[in-house]
Amino acid sequence: MTVSTSARRARVRVTGAASTAVRPVLEAQRRPARVLAAFPAGVYLEVRTEAEPSVIAVITGEATRLPNSVLLAGPLPAVTVGDDASVGDRVIDLGPLSLSVRRWWDPAPPLGRLDPALLDDGLPKDPPGAGLAGNGAVDMLASSCAKGWLLGAVTAAEQLVGLGPGLTPSGDDVLAGLLVTLRHLGVAAGCGRAVWLADWLAATVTFDARTRTTPISATLLHCAARGEASPEVIAVLRGVAGRQPLEPALRRQALEPALRRPALEPARRQALESALRRLHRLGHTSGADLAQGIAIGVAAVRSLSGVR
C-alpha cells in the first residue's frame, strides 16, 4: 500500500480481490457511483448502471464477505456518505481510496456430484431467531417447493420480496438461501426439477427487485439467482452434502477401507453444526433467515429427487 499526499487530501492506493459476480461492472467503462452506507469495516457503493449487480461492497477482512464484495489488501480509510466515487477499468475510486483489482474469487464454487438420499435433512425449518418464523407465506413457499408446485412457490415468493426491516429484509434472506440451495444442490444431485424451480423463482424475485426492496438486498437476490453466496452459506451447503473438511485424524480414517459411513456421521454432523453457528452470527436475523431458506431448499431437493 502506498500513500500520496496532495494539497487537498491524502490519497490511499491499495489492491484487492473481487468477486467474479461484480466482474462485469468492474471491467466496464468508468462510471460514477454513490456511497449508500459506510461502516468501519466496509462501504456499500451503488454504481449507476442498468446491469446487475448494481451495489458493490468494499470491505476489509473483518467484514462479512458478501457475494458482491471486493476485499481490500489493507485498511479502509475514512469514507463518508456523499464522497465522490467511480467504478470501472478494474479500479474503484472512493473518497480518498483508489483500489485496483488484481485478483478474483468465486462466490459460487460447485459442490460436485452427490446422492440426494445422503443430504442431511436435519436442519430446523423454523430456526431460532428467524424473522419470519411461522409466517404463512414462508410455510406456503416450503410446501410448494417440496411438491414442485410452481404457482404456489411463485405466489409465496412474490409476497416475501422486501418483507421485513433492515438493509436485507428477512423475506429476501429466506429467498436468497432457497435460491442458492436449489441451484447448487439441484445441480449436484442431478435434480432437474429443482434447477427448473430455481430458474422460475429467480426470474420472479429479480424482475422488479429494485423497486420492491433495498438496493443492497436487490443486488444480493440477483447474486443468489445465479447461485452466488457468502462463504458462510456455501459452508452450510457443503455440510449438508457431507463435503465440509474433516479434522486431520478423521480425514486419515476416512481413507481406510474398513471405515464405514456411520462411523463418520458424528464428525460430519459436527462440521455442519459448526457451519450453521457461523451462519447464524450474520446480522440481526440474516443468518437465521438464510438458514431457513436453506432448510426449505434441502427438503425440496430431497422431495423432488424422490427421496422418502
Side-chain angles (χ1 to χ4, degrees), residues 64 116 118-186 189 191 194 197-198 201-202 204-205 213 217 220-221 224 229-230 232-242 244 265 268-305 307-308:
T64 299
L118 301 181
L119 292 175
D120 192 313
D121 63 343
L123 277 67
K125 302 303 185 291
D126 284 323
L132 298 178
N135 180 278
V138 174
D139 294 340
M140 181 180 180
L141 181 68
S143 61
S144 299
C145 288
K147 298 172 186 174
W149 181 34
L150 180 60
L151 177 59
V154 166
T155 300
E158 288 180 337
Q159 295 177 32
L160 290 172
V161 175
L163 182 61
L167 287 174
T168 58
S170 290
D172 296 346
D173 287 329
V174 171
L175 290 169
L178 171 62
L179 288 172
V180 172
T181 303
L182 286 175
R183 191 163 302 285
H184 277 278
L185 295 186
C191 182
L197 186 58
L201 284 174
T204 298
V205 303
T213 190
S217 198
L220 294 177
L221 283 174
S230 67
E232 289 83 359
V233 171
I234 299 298
V236 171
L237 293 182
R238 292 182 65 84
V240 167
Q244 273 289 69
E265 282 308 314
R268 294 192 189 282
R269 186 65 196 177
Q270 185 177 20
L272 172 57
E273 290 174 352
S274 177
L276 279 170
R277 285 194 296 272
R278 293 194 297 273
L279 177 62
H280 275 262
R281 295 191 192 109
L282 300 185
H284 183 58
T285 65
S286 287
D289 296 330
L290 287 164
Q292 188 172 36
I294 292 172
I296 294 171
V298 172
V301 172
R302 286 173 56 88
S303 176
L304 296 176
S305 298
V307 178
R308 300 296 181 186

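One is the number of the first residue; the rest follow in order along the sequence. All figures in this text were calculated on a predicted structure; none of them were measured in a lab.
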*Gly134 versus Asp139, closest heavy-atom pair with distance*: O-OD2, 3.9 Å

_Please check this pair: side chain of Asp289 against backbone of Gly131, looking for a donor-acceptor N/O pair closer than 3.5 Å._
yes

*Can you see which heavy atom on Arg278 is nearest to which on Glu232, and at what distance?*
O-CG, 4.2 Å

*Per the side chain to side chain contact (heavy atoms under 4.5 Å, CB included) rule, which among Leu182, Val301, Leu178 passes with Ile296?*
Leu178

*asked:* Give me the atom names and distance for the closest heavy-atom approach of Gly162 to Asp172.
replied: N-OD1, 2.6 Å

*Can you name the nearest heavy-atom pair linking Leu221 to Leu179, along with the distance?*
O-CD1, 4.4 Å

*Between OG of Ser286 and CZ of Arg281, what distance do you get to the nearest 0.5 Å?*
15.0 Å

_Nearest-0.5 Å distance, CG of residue Leu150 to OG1 of residue Thr155_ = 8.5 Å

*Please report the closest heavy-atom contact between Gly129 and Ala288, naming both atoms and the distance.*
C-CB, 3.6 Å

*Check the pair Leu160, Leu132 against side-chain contact (heavy atoms from CB on, under 4.5 Å), reporting the backbone distance first and the verdict last.*
CA-CA 10 Å; Leu160 290 172; Leu132 298 178; 3.8 Å; yes

*Where do Ser144 and Val154 land on the side-chain contact (heavy atoms from CB on, under 4.5 Å) test, with the steps shown first?*
CA-CA 9 Å; Ser144 299; Val154 166; over 6 Å; no

*Please determine which of Asn135, Val174, Thr285 meets the side chain to side chain contact (heavy atoms under 4.5 Å, CB included) test together with Gln292.*
Val174

*Gap between atom CG of Leu197 and atom CZ of Arg183 - 0.5 Å precision*: 10.0 Å

*Report yes if the side chains of Lys147 and Ser303 come closer than 4.5 Å at any heavy-atom pair, otherwise no.*
no

*Between the side chains of Ser217 and Thr168, does any donor sit under 3.5 Å from an acceptor?*
no

*Can you tell me how far the CZ atom of Arg268 sits from the CG atom of Leu118, to the nearest 0.5 Å?*
9.0 Å

*Taking it one step at a time, do Leu175 and Leu141 satisfy side-chain contact (heavy atoms from CB on, under 4.5 Å)?*
CA-CA 9 Å; Leu175 290 169; Leu141 181 68; 4.0 Å; yes

*For Arg302, does its backbone N or O pair with a side-chain atom of Ser305 as donor and acceptor, under 3.5 Å?*
no

*Going from CD on Glu158 to CG on Leu163, what distance comes out if it is rounded to the nearest 0.5 angstrom?*
13.5 Å

*Please assess Val233 against Ser230 for the test side-chain contact (heavy atoms from CB on, under 4.5 Å), listing each intermediate value before the final yes or no.*
CA-CA 5 Å; Val233 171; Ser230 67; 3.6 Å; yes

*Search all heavy atoms of Lys125 against all heavy atoms of Ala299 and return the closest pair with its distance.*
CE-CB, 4.0 Å

_Reported OG-to-CG distance for the pair Ser274 and Leu279, which is rounded to 0.5 angstrom_ = 11.5 Å

*Any side-chain heavy-atom pair from Leu123 and Leu272 closer than 4.5 angstrom?*
yes

